[in-house]
Amino acid sequence: MRYSMLVYMSKMGKTLLEAAQYLRTAPEDALRAEIVESGRQMLAQIREVLEGHRDDLHSEAPLVQLSEIEGSWEGVGEGLESQLEQFVQSLPEQVSYQVRAVFFAELGEKWDAMESVYEFMRDDPRFDPVVVRTPVGRVVERDGKREQEIIYKDFLTPMGVPSLDYDQYNIEEDCPELAFISQPYESCTLEQFWPEYIAKHSRLVYANYGVLGPVFEDSALPLCKLPVYRYAWKVLGASERHYRYYRKYAENGGGNMLVTGIPKFDPIVRLNTHPLTVPESWEPALHGRRVILWNTWYDPSRSSFSYFDEIVDWLQVHDDCAVIWRPHPMMDTVTKLYYPPEVYVKLQKNIERAKNTPNMVYDEQVSYETAFSCSNAMISDYSSLMFQYLLLDKPTLWMKHKGVYGPFDGRMLDNEYIIDWRWMEEAESIEGVLDFLERSRKGLDQKADIRRKMLQRDLPLADGRCGERICDALWDIMHREDLRQ
């Protein structure tokens, strides 16, 4: 039985209880007759649901209770109110039911924003999860023409996760009790997956695909003021510090944030105890070498991508080191749509050069987890991966390329952060990058002590149990709102 059917019967039972309290002293008039008839119909509806879900009944007790209530209803018999109270209170324990949850997933690289919640629900009989793959795209107007790039791949089947194509699923027909999204931007997806639309048909839960670090002058918009924050039933919060910031700027005063930690923490914590092995195709490039992960942002003009030649040149004279280059999943699309053709041609040439460099890997895997496991340190443009990498307790260089931090153009505010950034080394030039490469080659780690301090202070909920904590919290809140009022 679906949870919504249980709620439906429970609400009708409470309505019947209120009606019985009125009928106890009501005069014999048309209103009374109308209430009695309406109650008779509601009891018939409850019976229809119960008999239609006999396999979900733990015993015949609910049907026996219902028969007693039906007998007392006609004459508003003695004990009717207590019979109804007992029926409503005992019903959740008398039937088996599940909460249906739909996960709208797009890029495989973002699946970790919801993955551990799905995995817990998949193995918990209280839930019935389904995953729907949705397209994500970019549009640009150039020379009077509209160009569009759509990404839509089945990244889940290779991961062993069953899923539906977006055109196989209709939320209006399914009416799930919970719906999860990690994409907050309407411009990137179809209208039926916008927060406003989903929230009309389900309790919307927003699991941010990013991990939040420093706070910038313009951070309040993406972190607190997008439409998804208004329409979401619950927004998953990383920490109490995150909650305090959200409460300060969110239009609803932050009342819809649930501080559980975020699902993106869980797979990284798992890597600490269950690291992944080096893929066979990567083995020749990585074996016996110090490995640095290089993570570039999607906008070539605002990332360390421009240092590609210098980094590869350095690798060619340092055979004891290797680099895993992992570009942002939207880098190809953004470069193709928003830049002159020669920039895209350069990107393709660099990718080809990376693939042909003996001690370099071009990471095309959906998940970053393998690159995390195989690397000893990381160089990164502004990215969620920096703050996820913190959980592995490995050296990280934040590449503040040309003074631009990444998706935020505003000034970074001193001492304002969700997760502090001062555990990372920083650089704004190729010289800083090469210096970090040299120190990584020698195994030097300048910020180990402060990194470990901030890991404990700023990520107290990164314990590998965020998915479980989220499921338990949502279950409890739903029941409190629907059944325990």
Check: With ring centroids as reference points, do Phe180 and Tyr118 lie under 6.0 angstrom apart?
Finding: no
Check: Does any donor atom in the side chain of His328 or Thr296 lie under 3.5 Å from an acceptor atom in the other side chain?
Finding: no
Margin query: Ring centroids only, cut at 6.0 angstrom: are Tyr229 and Tyr246 within range, meaning strictly under it?
Written below: yes
Checklist line | side-chain contact (heavy atoms from CB on, under 4.5 Å) assessment of Ile69 paired with Leu80 | finding: CA-CA 6 Å; Ile69 292 169; Leu80 174 60; 4.0 Å; yes
Next item on the list: Name all residues meeting the salt bridge (charged side-chain N to carboxylate O under 4.0 Å, His left out) criterion together with Arg241; count only those two or more places apart in sequence or in a different chain, and write none if there are none.
Entry: none
Next item on the list: Scan Gln388, Glu109, Arg326 and name whichever one has a side chain to side chain donor-acceptor pair (under 3.5 Å) with Tyr368.
Entry: Gln388
Item checked: Glu364: salt bridge (charged side-chain N to carboxylate O under 4.0 Å, His left out) partners, not counting sequence neighbours -> Lys355
Next item on the list: To the nearest 0.5 angstrom, please state how far the NZ atom of Lys14 sits from the CG atom of Leu84.
Entry: 12.5 Å
Item checked: Crowding at CD, Gln41 (>12 non-hydrogen neighbours, <6.0 Å) -> yes
Checklist line | Qualifying residues under ring pair (Phe, Tyr, Trp, His ring centres under 6.0 Å), relative to Phe387, sequence neighbours excluded | finding: none
Notebook entry, point to check: Side chains of Asp128 and Tyr3: is there a donor and an acceptor less than 3.5 Å apart?
Noted result: no
Check: Between CD of Gln65 and CD of Gln94, what distance do you get to the nearest 0.5 Å?
Finding: 6.0 Å
Next item on the list: Specify the closest pair of heavy atoms between Ser202 and Pro176, including all atoms of both residues, with the distance to one decimal.
Entry: OG-O, 2.8 Å
Check: Do Cys471 and Asp124 have side chains that get closer than 4.5 Å, going by heavy atoms?
Finding: no
Next item on the list: Using the side-chain contact (heavy atoms from CB on, under 4.5 Å) rule, take Ile198 and Ile171 through it: C-alpha gap first, then chi angles, then the decisive distance, then the call.
Entry: CA-CA 8 Å; Ile198 294 173; Ile171 193 171; 3.9 Å; yes
Check: When you check the side-chain N and O atoms of Tyr166 and Gln192, is any donor under 3.5 Å from an acceptor?
Finding: no
Item checked: Contact list for residues 168-177, test salt bridge (charged side-chain N to carboxylate O under 4.0 Å, His left out), sequence neighbours left out -> Arg2-Asp174, Arg2-Glu177, Arg100-Asp174
Notebook entry, point to check: Ala371 and Ser375: which non-hydrogen atoms are nearest, and at how many Å?
Noted result: O-OG, 2.8 Å
Notebook entry, point to check: For atom CD of Glu191, is the number of surrounding heavy atoms from other residues, nucleotides or ligands below 6.0 Å larger than 12?
Noted result: no
Check: Closest approach of Gly237 and Met257, non-hydrogen atoms and distance?
Finding: CA-SD, 3.8 Å
Next item on the list: For Leu57 and Pro62, work out which heavy atoms get closest and say how close.
Entry: CD2-CG, 4.4 Å
Margin query: Could you measure the distance from the CG atom of Leu107 to the NZ atom of Lys153? Nearest 0.5 Å is fine.
Written below: 8.5 Å
Check: Does atom NZ of Lys11 have more than 12 heavy-atom neighbours from other groups under 6.0 Å away?
Finding: no
Check: ring pair (Phe, Tyr, Trp, His ring centres under 6.0 Å) with Phe265: which residues, sequence neighbours excluded?
Finding: none
Check: If you measure only the distance, is there a donor-acceptor pair under 3.5 Å linking the side chains of Asp381 and Ser383?
Finding: no
Next item on the list: Mark yes or no for whether Ser219, through its side chain, and Phe216, through its backbone, hold a donor-acceptor pair below 3.5 Å.
Entry: yes
Next item on the list: Just do the side chain to side chain donor-acceptor pair (under 3.5 Å) check on Tyr152 and Asp165 with the steps written out, would you?
Entry: CA-CA 10 Å; Tyr152 184 62; Asp165 290 320; 2.9 Å; yes
Notebook entry, point to check: Is there a donor in the side chain of Arg469 and an acceptor in the side chain of Thr260, or the other way round, less than 3.5 Å apart?
Noted result: no
Check: Which pair of heavy atoms, one from Pro329 and one from Ile151, lies closest together, and at what distance?
Finding: O-CD1, 4.5 Å
Item checked: Nearest-0.5 Å distance that lies between atom OH in Tyr209 and atom CD1 in Ile262 -> 12.5 Å
Item checked: Inter- and intrachain pairs under side-chain hydrogen bond (donor to acceptor under 3.5 Å, both in side chains), touching residues 15-25, at least two apart -> Arg24-Glu81
Next item on the list: May I have the step-by-step check of side chain to side chain donor-acceptor pair (under 3.5 Å) for Tyr245 and Glu416, ending in yes or no?
Entry: CA-CA 9 Å; Tyr245 181 82; Glu416 281 278 3; over 6 Å; no
Item checked: Side chains of Trp398 and Met386 in contact at under 4.5 Å (non-hydrogen atoms) -> yes
Check: What pairs with Glu85 under salt bridge (charged side-chain N to carboxylate O under 4.0 Å, His left out), at least two apart in sequence or on another chain?
Finding: none
Check: Using 4.0 Å as the upper bound for N to carboxylate O, is an ion pair formed by Lys225 and Asp218?
Finding: no
Notebook entry, point to check: For Tyr197, what residues pass the ring pair (Phe, Tyr, Trp, His ring centres under 6.0 Å) criterion, not counting sequence neighbours?
Noted result: His201
Notebook entry, point to check: Ring centres of Phe372 and Tyr389 under 6.0 Å apart?
Noted result: yes
Next item on the list: Under the side chain to side chain donor-acceptor pair (under 3.5 Å) rule, what do Ser72 and Gln83 come out as? Steps first, then yes or no, please.
Entry: CA-CA 9 Å; Ser72 299; Gln83 288 173 334; 3.0 Å; yes
Note to self: Tell me every residue that passes side chain to side chain donor-acceptor pair (under 3.5 Å) with Arg40, counting only those two or more places apart in sequence or in another chain.
What the structure shows: Glu37, Glu74
Checklist line | Residues forming a ring pair (Phe, Tyr, Trp, His ring centres under 6.0 Å) with Tyr185, sequence neighbours excluded | finding: none
Note to self: Does His274, at its NE2 atom, have more than 12 non-hydrogen atoms belonging to other residues, nucleotides or ligands within less than 6.0 Å?
What the structure shows: no
Checklist line | Non-hydrogen atoms of Ala207 and Leu236 that approach each other most closely | finding: CB-CD1, 3.8 Å
Checklist line | For Asp112, all residues meeting salt bridge (charged side-chain N to carboxylate O under 4.0 Å, His left out), sequence neighbours excluded | finding: Lys264
Notebook entry, point to check: If you measure from OH on Tyr298 to OG on Ser303, what distance do you get to the nearest 0.5 Å?
Noted result: 11.0 Å
Margin query: Quick test of your reading: applying salt bridge (charged side-chain N to carboxylate O under 4.0 Å, His left out), list the pairs with at least one residue in residues 60-72, sequence neighbours left out, ordered by first then second residue.
Written below: Arg47-Glu70, Arg54-Glu60
Note to self: Around atom CG of Asp55, are there more than 12 heavy atoms from other residues, nucleotides or ligands closer than 6.0 Å?
What the structure shows: no
Margin query: Is it the case that the side chain of Asn256 and the backbone of Val235 share a donor-acceptor pair, with hydrogens and angles ignored and the cut-off at 3.5 Å?
Written below: no
Note to self: For Thr370 and Gln365, which I'm curious about, is there any donor-acceptor pair between the side chains at under 3.5 Å?
What the structure shows: yes
Margin query: Between Trp194 and Tyr231 (judged by ring centroids, cut-off 6.0 Å), do the two rings come close enough to count as a pair?
Written below: no
